[in-house]
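What follows is a single structure, written as structure tokens, with notes after it.
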Amino acid sequence: MLSDGEAKELLSFLTLEMRADVKGQATGYILGLTGNRDGCRYLRSKPDFLKALVTLTRDPSIAIVKDCYHALINLSADETLHQPLVKETDLLAILFQNLLDPEYMFADRICTILSNLSRHERTCRDVFSALQEQKIGLDKVVEIFCTEGFNKKASLHYLGPLLSNLTQLPEARHFILDKDRCVIQRLLPYTQYEESSTRRGGVVGTLRNCCFDYTHHEWLLSDAVDILPYLILPLAGPEELSEDENEGLPVDLQYLPEDKKREDDPDIRKMLLETLMLLTATKVGRQIMKNKNVYPIMREFHKWEKDPHVISACEKLVQVLIGDEPEAGMENLMELEIPKDVEEKLKELDTKEQEQMEKDKQESEKQLNESPEGLER
């Protein structure tokens with residue numbers, strides 16, 4: 001890495017006043033450093049370089065600003081850089097100010113940085129606090145996210161993962177689930193947003209996090225929100241159900257067309273199933289899902305699904321849908337106290353199940369890659 005003298009000289013080039021050609025070479029060198037782990041860890045101990053990168057996001061040269069944002073994306077991908085970035089610089093304030101500008105051409109890079117920084121709870125709290133301090137608030141982020149074409153120069157799809165990350169915090173979930181704001185109702189249509197799996201996945205992740213608050217389950221499943229069709233429709237296919245099965249389903253899920261396609265991203269399918277599973281945690285949730293005939297959709301989905309992790313999530317949901325109700329006093333599955341030895345045993349079984357699924361997946365891929373005997377030319 002750089003000697004102290006070389007570092008000092010390089011830093012002197014990273015100013016708004018420096019000649020553009022010299023500054024461009026300096027930012028290019030820093031960008032190169034952020035391309036590997038050792039370079040990122042070196043910059044972690046150099047807050048002046050981090051401050052300089054943030055300052056140069058205001059440079060008049062588009063090429064220099066682009067390099068700075070690219071470097072900040074690389075740095076924010078390293079969890080060990082999160083606290084230096086938010087504590088040693090004014091990065092968050094600048095990012096949010098620029099995000100609000102509908103003409104800002106680097107807004108997508110801002111969304112990526114914010115999504116990276118909010119992955120882990122500690123820095124996620126810093127991001128959420130900055131939203132409040134800048135007097136922007138989560139409502140403005142949701143408004144921008146839901147306004148098609150808010151920024152003509154950026155898609156803003158990565159606001160989806162940002163919302164998902166923020167809802168790991170109770171305060172953010174409280175806002176999304178506020179019955180007077182109708183926020184969650186604005187997000188629901190994006191579970192089927194065809195243009196971007198990033199946006200879809202972010203919204204599904206947000207819904208899943210919100211469903212950890214089981215006190216809202218009855219409201220979420222009621223006509224006021226009607227969350228169920230938005231979670232099930234992406235999992236439903238073109239299979240023909242019986243008349244009785246169709247009649248028992250919500251209207252939006254009845255008699256689906258022959259060209260109906262399922263969600264193509266297995267991670268999103270798994271999150272949708274996990275969200276449905278969370279909604280079965282309470283007795284009222286289980287009753288509503290059974291009354292709305294969710295099982296036939298899951299039955300056909302299970303026949304179609306190939307990913308072992310998604311199949312496992314589906315089977316767990318089906319077991320609840322077709323199983324008997326828990327004993328009196330055990331109706332709320334989220335409030336059950338599991339004995340320590342049983343909890344350890346369940347974790348052990350879950351780990352073994354994951355390992356076996358990975359082994360089966362690798363074996364399957366190996367077989368696909370091998371040429372069948374006698375077919376070689």
Side-chain angles (χ1 to χ4, degrees), residues 1-119 123 126-127 130 134 136 144 149-159 161-162 198:
M1 288 300 162
L2 300 171
S3 67
D4 289 345
E6 289 170 333
K8 187 176 180 181
E9 184 180 19
L10 180 61
L11 187 61
S12 71
F13 299 150
L14 298 170
T15 65
L16 291 169
E17 299 75 27
M18 180 56 63
R19 267 175 33 208
D21 58 334
V22 176
K23 192 168 26 182
Q25 287 186 332
T27 53
Y29 180 82
I30 295 292
L31 175 56
L33 278 180
T34 67
N36 62 78
R37 183 173 179 173
D38 290 340
C40 286
R41 299 295 163 91
Y42 170 76
L43 290 171
R44 182 178 63 187
S45 63
K46 302 289 182 185
D48 288 342
F49 280 101
L50 302 180
K51 290 174 187 174
L53 279 176
V54 173
T55 298
L56 288 176
T57 60
R58 300 197 298 268
D59 197 84
S61 166
I62 290 175
I64 288 172
V65 174
K66 185 177 179 180
D67 277 356
C68 289
Y69 274 118
H70 195 166
L72 288 167
I73 288 172
N74 290 345
L75 292 167
S76 65
D78 186 331
E79 185 190 351
T80 67
L81 266 295
H82 287 184
Q83 283 299 299
L85 282 169
V86 301
K87 297 297 187 186
E88 303 286 348
T89 76
D90 55 354
L91 175 64
L92 292 177
I94 289 173
L95 293 183
F96 282 125
Q97 287 165 14
N98 290 332
L99 181 63
L100 295 177
D101 181 357
E103 299 293 325
Y104 197 66
M105 68 186 300
F106 296 107
D108 278 336
R109 287 176 172 80
I110 286 173
C111 295
T112 303
I113 295 166
L114 289 171
S115 175
N116 285 344
L117 290 174
S118 57
R119 280 188 318 222
T123 316
D126 293 317
V127 173
Q134 295 297 310
I136 298 169
I144 292 172
F150 173 83
N151 187 324
K152 298 290 190 295
K153 301 174 181 177
S155 68
L156 306 181
H157 292 325
Y158 271 87
L159 283 181
L162 172 62
T198 300

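Model, not experiment: these values are computed from the prediction. Counting from 1, the numbers follow the sequence of the chain as shown. Heavy atoms only: backbone and side chains are in, while hydrogens, waters and symmetry mates are out.
Residues His157 and Pro161 share a closest heavy-atom pair of O-CD, 3.5 Å. Taking all atoms of both residues into account, the shortest heavy-atom contact from Asn151 to Ala107 is ND2-CB, 3.5 Å. The shortest heavy-atom contact between Leu99 and Ile110 is N-CD1, 4.0 Å. Scanning all heavy atoms of the two residues, the minimum distance from Pro102 to Phe150 falls at CB-O, 3.2 Å.
Checking side-chain atoms of Thr57 against main-chain N and O of Leu53 turns up no donor-acceptor pair under 3.5 Å. Looking at Arg119, its side chain does come within 3.5 Å of a backbone N or O of Ala77 through a donor-acceptor pair. A distance-only check finds no donor-acceptor pair linking the side chain of Asp108 to the backbone of Ala154 [under 3.5 Å].
Applying side-chain contact (heavy atoms from CB on, under 4.5 Å) to Leu56 and the options Thr15, Val65, Thr27 leaves one that passes, Thr27. Considering Leu75, Asp78, Asp38 as possible partners of Leu43, the one that fulfils the side-chain contact (heavy atoms from CB on, under 4.5 Å) test is Leu75.
Rounded to the nearest 0.5 Å, atoms OH (Tyr42) and CG (Asn36) are 13.0 Å apart. Taken from CD in Gln25 to CD1 in Ile64, the straight-line distance is 10.5 Å, to the nearest 0.5 Å. Expressed to the nearest 0.5 Å, how far CD of Glu6 lies from CG of Leu11 amounts to 13.5 Å. Residue Cys68 holds its SG atom at 11.5 Å from CD1 of Ile73, rounded to the nearest 0.5 Å. Atom CG of Asn98 and atom OH of Tyr69 lie 4.5 Å apart (nearest 0.5 Å). Note that the OG1 atom of Thr55 and the CD1 atom of Ile94 stand 6.5 Å from one another [nearest 0.5 Å].
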Show your reasoning for whether side chain to side chain contact (heavy atoms under 4.5 Å, CB included) applies to Ile113 and Tyr158. CA-CA 9 Å; Ile113 295 166; Tyr158 271 87; over 6 Å; no

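When the side chain to side chain donor-acceptor pair (under 3.5 Å) test is applied to Ser115, no partner is found at least two apart in sequence or on another chain. Taking the side chain to side chain donor-acceptor pair (under 3.5 Å) definition, one finds that Arg109 meets it with nothing, sequence neighbours left out. Asp4 is linked by a side chain to side chain contact (heavy atoms under 4.5 Å, CB included) to Lys46, counting only residues two or more places apart in sequence or in another chain. Annotation: side chain to side chain donor-acceptor pair (under 3.5 Å) contacts of Asn74 (sequence neighbours excluded): Thr34. Shown here are the salt bridge (charged side-chain N to carboxylate O under 4.0 Å, His left out) partners of Lys153, two or more places apart in sequence or in another chain: Glu103. Shown here are the side chain to side chain donor-acceptor pair (under 3.5 Å) partners of Asn116, two or more places apart in sequence or in another chain: Ser76. Every residue two or more places apart in sequence or in another chain that forms a side chain to side chain contact (heavy atoms under 4.5 Å, CB included) with Tyr29 is listed here: Leu2, Leu10, Leu33. Partners of Arg37 according to the side chain to side chain contact (heavy atoms under 4.5 Å, CB included) rule, which considers only residues two or more places apart in sequence or in another chain, are Arg41. By the side chain to side chain contact (heavy atoms under 4.5 Å, CB included) test, Leu100 is found to be paired with Ile136, Lys140, Ile144, residues two or more places apart in sequence or in another chain being considered.
Each salt bridge (charged side-chain N to carboxylate O under 4.0 Å, His left out) pair with one or both residues in residues 16-26, not counting sequence neighbours, appears once here: Arg19-Asp21, Lys23-Asp59. The stretch residues 67-76 participates, sequence neighbours left out, in no salt bridge (charged side-chain N to carboxylate O under 4.0 Å, His left out) pair at all.
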Side-chain polar contacts of residues 84-93 - donor-acceptor pairs under 3.5 angstrom, sequence neighbours left out - could you list them?
unit_1: Lys87; atom_1: NZ; unit_2: Asp126; atom_2: OD1; d: 3.2
unit_1: Thr89; atom_1: OG1; unit_2: Leu85; atom_2: O; d: 2.5
unit_1: Thr89; atom_1: OG1; unit_2: Leu91; atom_2: N; d: 3.1

